[in-house]
Amino acid sequence: MRISLLPCALLLTAITLRAAAQPGELTPQQAARYQALVSELRCLVCQNQSIADSNAPLAADLREQVRSQILAGRSDEAIRDYVTARYGDFVLYRPPFKPSTWMLWVGPFLLLAAALAFTLRFVRRSPRASAAPVDPNRLQRLLDEESK
Amino acid sequence: MIPELGHFAMLAALAVALIQFVVPFVGAWKREPRWMAVGASAAQTQFVLILIAYACLTWAFVERDWSVVYVAANAHSQLPLMYRISAVWGAHEGSMLLWMLMLTGWGAAVSVFSRSLPREVQAQVLAVMGALCVGFLLFMLLTSNPFERHFPVPEDGRDLNPLLQDPGLIVHPPLLYMGYVGFSVAFAFAIAALIGGRLDAAWARWTRPWTTSAWLFLTLGITLGSWWAYHELGWGGWWFWDPVENASFLPWLVGTALIHSLAVSEKRGLLKSWTVLLAILAFALSLLGTFLVRSGILVSVHAFATDPARGVFILAFLGVVLGVAFALYAWRAQRFVADGELALFSREGLLLLNNVFLVIAAAAVLIGTLYPLIVDALGLGKISVGPPYFNAVFLPLTAPLVVLIGLASVIGWKRANAADALRRLRWPALIAFVGGLALPWLIQQKLLLISVGGSMLALWTMIMALEEPWRRWRTRGLGGLTQISRSVWGMTLAHLGIGIWVLGVSFVSLYSIERDVRLGPGQATELAGYRFELERIEHFAGPNYDADRAIVTVTHNDEPIAELYPQRRLYRAQGSVMTEASVDHNPLRDLYVALAEPLDNGEWAMRVYVKPMMRLVWFGGVLMALGGALAASDRRYRLARMLREKAPIPGGVTA
Amino acid sequence: MRLRYLLPAAVLVVLIVLFAFGLQHDPRAVPSPLIGKPAPDFSLRVVGADTPFTRDDLLGRPLLVNFWASWCVACRVEHPLLMELARQGVEIVGIDYKDTDAEGLRWLQRHGNPYRHVVADTQGTAGLDWGVYGVPETFVLDAKGIIVHKHIGPLDEDAWRSTIAPLLAGTQG
């Protein structure tokens, strides 16, 4: 299978420990922020994993950057800006909310609203069963007249 | 010799496919019974020919014929026999042959099991499938021939990708392809209906078992793929919203909508043109999946080796097949007239809503998958759309759907009785509400909004799924249960499966814990009350790899729970390294250990996970598939019963 | 004919156009957000010496900045072309990425040195700031130090002739 996955298979297995090397330095809250951030950033080397899962050296560098920036007190958004300023929006697994991605975020819900509205209209327009039951006497009279 | 035989068999199959395409179509048009009958024999002949071709390729792998390019690229002298056999579908060319085998297999099955169909319909269905065979065979013979030879013959093969040397590989692709390809039958029925201009309850009844069967295989295939990735990739993840995973999920979502829409069309003669559209869409998404995997236009873990020529061919094929199908739809679908009234508060109304949510969810997944391409095409830069997006969008779109599932059995056909329905819902709703709060608290001692919501929905679905059988048992005892048809049992099981799935997903997504640790022999770590101790590391040689195996004992309050054996393997042929995770599982939790790499002082870097209710995710999937199997084998589809029920009309065509 | 029946066919046409576009583009190429912006600052030193080298040393004339490493296999592929360009008088500044001075110098000795200056980025900090995610990568800078182009992967004749040479020529002075 000549896929680009193979070199990454080499990297898939090993998990660098620099992230966990000094666990005592991150508070639980910071650790949670760290985990969330590193799983949302794409590793550009393999491109199919987040930097949390990848063992590419670049991923390790970026994880270290995230960690030291969290310790330095920077906000999540500032850290994301730091990475996108260098690598572009491609590195974010959560696409940013900007004009070019409005349709992405809002589109499905607009479609849902439109579909529900259409369905309602379709149901209202569907042929109604007749409300009044047929009077058997009248039916018999009509049939008698017909056969005359 | 044998590979050439295989190649020749494919060429012969192409000729037969052409006959299967043209002759029955003309026969149906001109009402020539003998020409129409050609469809069945052509379908069966084609299956035999492709089976021969497939056997030849398998033989080449088993006998290690390195002169065949594909074999040399995907096997090795030390590759164990079972992987040599499964390596046949390990890469592009061989997996296309597997696809063909499935396609001709379904075609042969249709030719055998549809004798009660009117001859023109059977002829048209087989002709459409013949057309599809022509397209795929041309694709293979022109761009992806698995029997190509090369000289000089190499000393040894390059070995199968180690990621694929796993039992999961043996079952996942065949099941997945059975599903993908199976939707071609529904597609063929839809085209036949459009051409014939007639769509009635009988058409829906013919189409349903084929569609449900394809759906259940796809369900199994996706479930297995998830299970395999979990064990094989070492990250403890089970779904990545990877483009190729999405490509298999899309036909599943639309296929689910289709089996429900078919129920409405069969029972009430409504939503006919919508059902036909769904049947076309389900297979269209299968074809789209084929294109996405093999063309290289999206970044994905699963993508096969890319080659522009192949991408162009598949795109052209997609364009022709779907172009014709949608053009036919635009032209002919308006003829289908509804047989009655559709009220929103009725079972058909709920099923229509079910369809809306499923199709919009599918649209959302499609938009997310293709959006990077769209943005790039419009010159707006390059973005990624990953799990954070899909999870954020998919959840709100499908949560209402899960509520609706619970209402399935209490809302009747035509017009539902609100009072009756509410009476039957009261207790289940209450139990689900309370249980949804209690369950996360009892098991995890931590209440999270989404886990509570998920638990409530899951319990609601499970209780309501069992409500019908329970009611019948209460009122009529065991006899009441035996009276329930297989279709209804199928629905019960499948809906129960979804409930279990939702429960599993809620817990595993929110309450999983992982830790990266560094352990030497004799050292231990604690996670969620479990103690993981590394006893020692052993070294051993496998058939085509050398491995380091760790022995990790897990205890809980000093009670021994499990012994785990994670491995790190070096595959000799390609020199690639793989991790084999080791898992101890029961329905309530998975204990997962994966080796990372050795460190300097005899210590090893490892990852340890505790994942609550992970198994329920796959168990739910299996239950759904079982439900589908039950439903598809319902008596009313079976040939003999149908023939017995009908008085034979001399010279007439059955309706 | 009711228009809504044509909708699926219309969507198909749009998708096919989209896919036709997709087949001609590499989904893995990551465009740089630094194009059109000033080259990021750095303070490194010359390989094998203590002489500092900063971004300011890149100003005043258009040049190429090439990230390479002795452990990088693909760098050997583009090396002959770089040697040729150097012979023609193109100024190339080489940044030795995540390498040691000794290995880097040995590699240049064995294969030839096309670089007017060789700078050591042993930790990869400059690489991080320049958005490097693999080697080799080549940046084209104008005289004012603005990045006007980034080439990912080994440099080839086509890219030089069609894109980079014109850029260098057009930004003289």
Side-chain angles (χ1 to χ4, degrees), chain A residues 1-17 19-21 23 35-36 39-42 46-50 52-53 55 88-96 99-101 103-105 107-109 111-116 118-120 122-129, chain B residues 73-74 90-91 160-164 233-235 242 270 299-301 303-305 338 340-344 349 352-353 356-357 359-360 363-364 367-368 371 375 378 380-389 392-393 396-397 515-518 568 574 576-579 595-597 599 605 607:
Chain A
M1 221 164 142
R2 305 187 317 268
I3 57 177
S4 53
L5 178 57
L6 199 46
C8 298
L10 297 166
L11 305 172
L12 269 178
T13 57
I15 301 166
T16 193
L17 270 205
Q35 279 298 332
S39 58
E40 280 193 13
L41 295 175
R42 193 197 273 270
C46 283
Q47 300 202 351
N48 296 313
Q49 303 167 265
S50 65
D53 299 322
N55 190 52
D89 287 336
F90 186 67
V91 78
L92 295 175
Y93 268 132
R94 176 191 293 270
S100 61
T101 60
M103 272 323 287
L104 176 69
W105 284 102
F109 299 102
L111 277 178
L112 180 66
L116 286 173
F118 182 80
T119 304
L120 235 63
F122 173 77
V123 168
R124 292 234 178 85
R125 288 243 204 104
S126 83
R128 294 248 164 251
Chain B
N74 292 290
L160 182 64
N161 184 333
L163 273 179
L164 307 176
L233 297 179
W235 312 329
D242 177 81
L270 300 167
V299 177
S300 159
V301 189
F304 288 100
E341 167 198 4
L342 186 91
L344 198 57
L352 180 58
L353 275 180
V356 167
F357 283 108
V359 170
I360 297 295
I367 291 175
Y371 210 76
V375 167
L378 293 176
L380 293 171
K382 218 152 181 143
I383 62 164
S384 293
V385 179
Y389 169 80
V393 168
L397 287 178
R515 182 170 299 160
D516 288 332
V517 290
R518 176 204 302 218
R568 185 171 183 266
Q574 291 177 358
S576 41
V577 175
M578 289 294 318
T579 188
L595 281 182
E597 57 178 357
L599 303 167
R607 221 175 226 181

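Sequence lines set the chain letters: A, B, ... in the order given, protein chains first and strands last, and positions in each chain run from 1.
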Q: Mind listing the closest non-hydrogen atom pair of E40(A) and P388(B) along with its distance?
A: CG-CG, 3.8 Å
**Q.** Residues in side-chain contact (heavy atoms from CB on, under 4.5 Å) contact with V375(B), at least two apart in sequence or another chain
**A.** Y371(B), L380(B), I383(B)
Q. So which part of I367(B) gets closer than 4.5 Å to some heavy atom of chain A, the side chain, the backbone, both or neither?
A. both
Q. For the candidates T119(A), L92(A), V91(A), L104(A), which exhibits the highest count of non-hydrogen atom pairs separated by less than 4.5 Å from chain B?
A. L104(A)
Q: Provide the closest heavy-atom pair for A363(B) versus L111(A) in the form atom of the first, atom of the second, distance.
A: CB-CD1, 4.1 Å
Q.
Under 4.5 Å from any heavy atom of chain B, what part of T101(A) do you find: side chain, backbone, both or neither?
A. both
**Q.** L112(A) portion near chain B, given a 4.5 angstrom heavy-atom threshold
**A.** both
Q: Go through I360(B) and L116(A) one step at a time and tell me if the side-chain contact (heavy atoms from CB on, under 4.5 Å) criterion holds.
A: CA-CA 10 Å; I360(B) 297 295; L116(A) 286 173; over 6 Å; no
Q | Engaged part of L378(B) at the chain A interface, taking heavy atoms whose separation is under 4.5 Å | A | neither
Q: Sort F118(A) into side chain, backbone, both or neither according to what part of it lies under 4.5 angstrom from a heavy atom of chain B.
A: neither
Q | CZ (F122(A)) with more than 12 external heavy atoms under 6.0 Å | A | no
**Q.** Sequence-distant partners of P108(A), side-chain contact (heavy atoms from CB on, under 4.5 Å), two or more places apart
**A.** A364(B), Y389(B), V393(B), L397(B)
**Q.** Y93(A) backbone acceptor or donor facing S384(B) side chain under 3.5 Å
**A.** no
